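This report refers to the structure that appears directly beneath it.
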Amino acid sequence: MAGGGGGGQGCEGSSQSERDRQYCELCGKMENLLRCGRCRSSFYCSKEHQRQDWKKHKLLCKGSPATPDPKPQDKAATPDPKPQDKAPEPQDKAVTPEPQDKAASPPDSKQREVVVGGATLRAIKEEDYTQRSGEACGSGAAPGGGEGTERPNGHTRPPLHKLALEYIIPCMNKHGICVLDDFLGQDLGDRIVGEVQALHSTGRFTDGQLVSQKSDSSRDIRGDQITWVEGKEAPCKAIGHLMNSMDDLIRHCGTKLGNFRINGRTKAMVACYPGKGTGYVRHVDNPNGDGRCVTCIYYLNKNWDAKENGGVLRIFPEGKSQFADIEPKFDRLLFFWSDRRNPHEVQPAFSTRYAITVWYFDADERARAKEKYLTTGEKSVRIELNKSSDGIVKEV
């Protein structure tokens with residue numbers, strides 16, 4: 001994991017902090033934003049997304065002192081019978097984030113600091129907050145094998161409850177990002193790669209969309225192709241094993257993972273960036289409280305060289321000018337908070353890049369989000385729930 005990026009103090013630091021709080025209210029994109037001309041406190045990446053979000057935003061949108069509401073006699077002269085239902089035109093562009101080229105060449109590793117989840121680490125190597133198989137937690141049962149199963153690196157996988165309690169909980173609560181390498185082992189990892197490649201060859205993958213909104217601009221924001229699986233399908237048994245292991249880790253974390261009460265998750269999103277410079281611009285997974293609290297990603301890319309292949313996941317922890325780079329290495333599992341604390345981007349990939357992502361829900365926030373969406377009549381988010389024997393609810 002690499003860190004970098006300078007950052008001035010004073011006015012420049014304040015400007016950076018302000019930019020870190022600016023997101024498209026609909027899709028979470030953080031670049032080339034437009035400011036709402038009425039309240040001047042909300043941002044959108046396009047007029048189209050502002051129009052789509054207006055039904056919800058108008059309940060909160062109030063004119064600023066600089067743009068007072070028209071006088072009563074002026075309102076009467078307006079020919080539109082329902083002016084309040086029309087989204088105001090965006091007036092000005094938000095401050096554009098500084099080019100990332102400056103951060104692309106980090107300083108010498110001996111002087112480098114990585115800021116992760118608001119906590120500064122003297123991180124010279126990514127090992128400082130990457131757990132590898134068998135390290136620090138002792139040995140025990142492996143997710144992909146029996147107790148004490150030896151891995152190619154000579155270590156054995158500690159039991160999942162030990163990983164959860166002694167590594168994942170403290171790491172997430174301190175840094176907001178947690179990396180676990182050699183998660184399932186070579187054999188099971190190879191089986192998952194085979195299943196994903198077989199799915200891709202069937203033509204099931206479609207272009208990724210934004211927050212359940214189909215938009216012509218989606219391809220300008222994200223270049224991945226995706227499909228959703230439950231893990232119970234006949235050709236997805238190894239993927240199902242991965243999902244069960246993820247669920248077990250989350251269950252062992254209990255209520256100690258932040259202040260969340262996790263009781264559900266999405267299906268697994270299998271994603272492929274087909275190379276050719278495809279990526280995903282800087283964004284937030286859950287900018288508007290939809291219930292997602294933890295993003296969990298499993299990577300499938302053997303012999304990945306970030307310098308040659310690109311495709312690095314770069315995370316910009318909230319309020320900090322430094323960043324954290326996660327390479328999409330084979331059999332690597334990544335956790336991070338899904339909300340505005342962790343804006344992130346997938347940098348251009350120049351080789352085929354596979355990953356499997358699951359989002360876990362906080363029960364209380366998810367209930368509030370569903371109530372809000374159902375109240376506003378947005379049928380696209382009506383949910384059917386299936387509850388499995390392990391207590392994790394899968395949303396379909």
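Quick caveat, the model's predicted, so the values are computed rather than measured.
A side-chain contact (heavy atoms from CB on, under 4.5 Å) with Y360 holds for exactly one of N263, D247, T295; it is D247.
Residues P343 and R340 come closest through the heavy atom pair CD-O, 3.5 Å. Between V284 and S338, the shortest heavy-atom distance links the atoms CG1-O, 3.7 Å. Contact between A164 and P170 at its shortest, heavy atoms only, is O-CD, 4.3 Å. Listed here is the closest heavy atom pair of K256 and N173: O-ND2, 2.9 Å. Between Y298 and M246, the shortest heavy-atom contact is CB-CE, 3.8 Å. Shortest non-hydrogen contact noted between Q225 and P274 is NE2-CG, 4.3 Å.
Two residues are said to be in side-chain contact when any heavy atoms from C-beta on lie closer than 4.5 Å; R282 and H344 fail this criterion. Side-chain contact check for H241 versus S245: some heavy-atom pair is nearer than 4.5 Å. For the pair R265/W359, no side-chain contact is recorded, criterion being any heavy-atom separation below 4.5 Å from C-beta on. Counting heavy atoms from C-beta on, the side chains of D331 and L188 never come closer than 4.5 Å. Using a 4.5 Å heavy-atom cutoff, the side chains of L242 and E195 are not in contact. Residues L257 and F335 have side chains not in contact (no heavy-atom distance under 4.5 Å, counting atoms from C-beta outward). When side chains are defined from C-beta on, V346 counts as touching R353, because their heavy atoms get closer than 4.5 Å. No side-chain heavy atom of L313 sits less than 4.5 Å from a side-chain heavy atom of Y280.
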Going through the distances and angles, do V196 and I239 end up as a side-chain contact (heavy atoms from CB on, under 4.5 Å)? CA-CA 8 Å; V196 168; I239 296 175; 4.0 Å; yes
Before giving the answer on side chain to side chain donor-acceptor pair (under 3.5 Å), spell out for D325 and Q347 the whole-Å C-alpha distance, their side-chain angles and the decisive distance to 0.1 Å. CA-CA 10 Å; D325 282 350; Q347 297 189 328; 5.1 Å; no
After noting the C-alpha distance and the side-chain angles of Q186 and D190, does the key distance pass the side-chain contact (heavy atoms from CB on, under 4.5 Å) rule? CA-CA 6 Å; Q186 180 85 27; D190 283 341; 3.3 Å; yes
Show your working on side-chain contact (heavy atoms from CB on, under 4.5 Å) between L33 and C24 and close with a plain yes or no. CA-CA 7 Å; L33 300 177; C24 174; 4.3 Å; yes
Let's go through N286 and W337 carefully: what are the C-alpha distance in whole Å and the side-chain angles of both, what is the deciding distance for side-chain contact (heavy atoms from CB on, under 4.5 Å) to 0.1 Å, and is it a yes or a no? CA-CA 9 Å; N286 176 18; W337 302 134; over 6 Å; no
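The NZ atom of K329 lies 11.0 Å from the CG atom of N303; values are rounded to the nearest 0.5 Å. Distance check, rounded to the nearest 0.5 Å: OG1 of T266 to CZ of R292 gives 8.0 Å. Remark: I226 CD1 to C272 SG distance equals 11.5 Å, nearest 0.5 Å. Annotation: the span from T278 atom OG1 to D224 atom CG amounts to 8.0 Å, rounded to 0.5 Å. Interatomic distance, F43 CZ to Q50 CD, rounded to the nearest 0.5 Å: 12.0 Å. N259 CG to D362 CG: the interatomic distance, rounded to the nearest 0.5 Å, is 9.0 Å.
E365 places a side-chain N or O within donor-acceptor distance of the main-chain N or O of G291, the cut-off being under 3.5 Å. Judged by distance alone, the side chain of N342 and the main-chain N or O of G176 form a donor-acceptor pair under 3.5 Å.
At a threshold of 4.5 Å between side-chain heavy atoms, the hydrophobic network of Ile, Leu, Val, Met, Phe, Trp and Tyr places V179 and W304 in two separate groups. In terms of hydrophobic clustering, with Ile, Leu, Val, Met, Phe, Trp and Tyr side chains grouped at heavy-atom distances under 4.5 Å, I356 and F205 are assigned to a common cluster. The hydrophobic cluster containing L249 also contains I262, counting ILVMFWY residues as joined when their side-chain heavy atoms lie under 4.5 angstrom apart, directly or transitively. F350 and I326 fall into different hydrophobic clusters, where Ile, Leu, Val, Met, Phe, Trp and Tyr residues are linked whenever their side-chain heavy atoms come under 4.5 Å apart, directly or through other members. Residues V270 and V358 share a single hydrophobic cluster, defined by chaining ILVMFWY side chains whose heavy atoms lie under 4.5 Å apart.
At a cut-off of 3.5 Å, with distance as the only test, a side-chain donor of S351 or N309 sits close to an acceptor on the other residue.
H200 and Y354 have perpendicular rings, their planes meeting at more than 60° on a 0 to 90° scale where under 30° would count as parallel.
Taking the ring axis of F330 as reference, the NZ or CZ atom of K302 stays within 45° of it and closer than 6.0 Å to the ring centre. For the pair R332 and Y299, the cation does not sit on the ring face, since its NZ or CZ is not both under 6.0 Å from the ring centre and inside 45° of the axis.
Note on D339 versus R341: salt bridge recorded, some NZ/NE/NH1/NH2 to OD/OE distance being below 4.0 Å.
Taking the six-membered ring for Trp and the full ring otherwise, W54 and Y44 have centroids separated by 6.0 Å or more.
D364 meets the salt bridge (Lys or Arg N to Asp or Glu O under 4.0 Å) test with R261; sequence neighbours excluded. Residues satisfying the side chain to side chain donor-acceptor pair (under 3.5 Å) criterion with T352, sequence neighbours excluded, are absent altogether.
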